[in-house]
Amino acid sequence: MASLGLPPPRALAGAPAILKALPPDLFVDFGTNAEMRWDAVDPRRYLTPASRLFVRNHTATPVLDRDRYELRIFGDGLAGGRSAAEPLRFSLRDLKRLPTTRLTAVHECTGNGRSFFATQQGRAASGTAWRLGSVGTVEWEGVRLRTLLRRIGLRRDAVSVQATGLDAPYVAGGVDHGRVRRPFPVTKALDDALLAWGANGAPLLPDHGFPLRLVLPGWVGIASIKWLGSLEVSRSELTSPWNTTWYRLTGGDHPPGSPPLTVNPVRSAWELPWEAPLRAGRPVTLTGRSWSGAAPIRAVEVSLDGGASWRAAELGEREGLGWTTWSVRWHRPRPGRHELLARATDRHGRTQPDVAAYNDNGYFFDAVVRHPVVVA
Ligand SMILES: Nc1nc2c(c(=O)[nH]1)N[C@H]1C(S)=C(S)[C@@H](COP(=O)(O)O)O[C@H]1N2
Ligand SMILES: [Mo]
């Protein structure tokens with residue numbers, strides 16, 4: 001986008017969209033997207049290692065130079081106002097001189113669980129057919145966006161911030177939609193938004209936004225723009241196709257004009273292979289995790305008999321806005337095929353429903369997933 005004067009991402013002919021290794025025992029590879037396998041999650045490890053974190057790319061991972069990197073900030077919402085042609089510029093070093101914050105949060109794609117609209121509810125939705133692996137919990141490191149914005153100075157009537165990535169423009173169906181970008185309210189910017197350069201104590205991997213990405217804790221993954229090139233701060237509501245066309249609930253029973261999606265719903269997953277083979281008659285401890293974009297998890301109920309009976313799972317670890325681990329002892333698995341169910345409730349009282357509200361793009365599949373196991 002010449003208007004921002006940004007260097008084009010290094011174009012590597014025939015290069016893969018995702019640069020890190022995607023071994024099939026750890027990932028399901030969808031090309032530009034890859035989901036983590038829940039059966040490969042180590043129950044003793046709370047954070048998701050960056051090497052195992054899901055990747056969701058609209059385009060392809062650009063290779064950016066940390067020394068030439070700069071974040072551009074402009075807009076009529078800044079004190080004094082700044083045009084896109086004459087933005088404020090911050091190098092990575094400038095940003096790292098500001099007070100550093102670490103925060104642990106769930107990181108999740110809006111479409112996580114999408115395949116279950118088809119397999120569990122009989123109505124397919126369009127988009128990557130994730131199971132539940134487009135999620136992780138990461139300890140991000142960076143500077144609060146509010147720290148930077150307060151230093152720059154905001155106008156009192158600033159309402160909207162648009163984050164734009166440095167990856168190539170997104171072209172779909174022959175239409176160039178421009179660079180991946182999405183606006184969010186100034187209130188979120190001044191609350192817990194983070195400009196992150198690190199994950200789990202190391203610099204971001206290229207696939208996850210190196211050298212700098214935005215993190216909007218608890219919000220849909222698309223809000224956390226990777227390879228952050230610019231922030232526009234505005235006195236009027238900014239828009240982009242990522243909040244007007246995509247990432248809102250359309251079709252199904254949703255009225256037209258439902259708002260752009262923000263806070264993630266409640267979900268749960270078992271740390272088991274799909275159709276996990278289990279030994280009959282032998283007690284086994286099963287583990288899983290539950291999370292919510294709104295609040296910590298208060299309770300997890302599980303059913304080992306397809307939903308006929310329920311009991312409380314034992315809750316384990318939780319850090320900050322990260323997920324909650326849990327376990328349940330299955331004393332006497334009987335031979336046959338069973339469905340395991342886990343239903344979480346967060347501290348705002350939000351509970352996973354039996355059926356997720358259908359929408360054309362398959363966002364927010366938050367229903368209790370029926371996880372098959374085979375006991376023999
Ligand atoms: N610049 C840019 N930012 C982006 C995206 C993208 O394609 N380009 N994908 C978004 C989506 S849809 C998600 S779910 C998360 C995925 O982050 P990850 O690949 O680091 O897991 O990044 C978001 N930020
Ligand atoms: Mo996403």
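In each ligand, atom 1 is the first atom listed, and ligand 1 is the first ligand listed. Side chains are part of it too, since the values below use all heavy atoms of this structure and drop only hydrogens, waters and symmetry mates.
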Flag, side chain of Glu35 to backbone of Asp29, donor-acceptor distance under 3.5 Å |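 Checked: no pair found.
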May I ask you to decide if Ala276's main-chain N or O and His371's side chain share a donor-acceptor pair within less than 3.5 Å?
-> no
Any pair with a residue in residues 215-241 that passes salt bridge (Lys or Arg N to Asp or Glu O under 4.0 Å), sequence neighbours left out, goes on the list, sorted by first then second residue, please.
-> Asp157-Arg235
So the side-chain hydrogen bond (donor to acceptor under 3.5 Å, both in side chains) pairs with at least one residue in residues 303-313 (sequence neighbours excluded) are Ser303-Asp305, Asp305-Ser309
Name the residues with a heavy atom less than 4.0 Å from ligand 1?
->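 Lining ligand 1: Phe54, Val55, Arg56, Asn57, His58, His107, Cys109, Gly165, Asp167, Val180, Asp207, His208, Arg213, Gly221, Ile222, Ser224, Ile225, Lys226, Trp227, Tyr247.
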Atom CD of Glu70 and atom CG of Asp94: how far apart are they, to the nearest 0.5 Å?
-> 9.5 Å
Partners passing side chain to side chain donor-acceptor pair (under 3.5 Å) against Trp291 (at least two apart in sequence or in another chain) =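 Per chain and number, Trp291 pairs via side chain to side chain donor-acceptor pair (under 3.5 Å) with Glu108.
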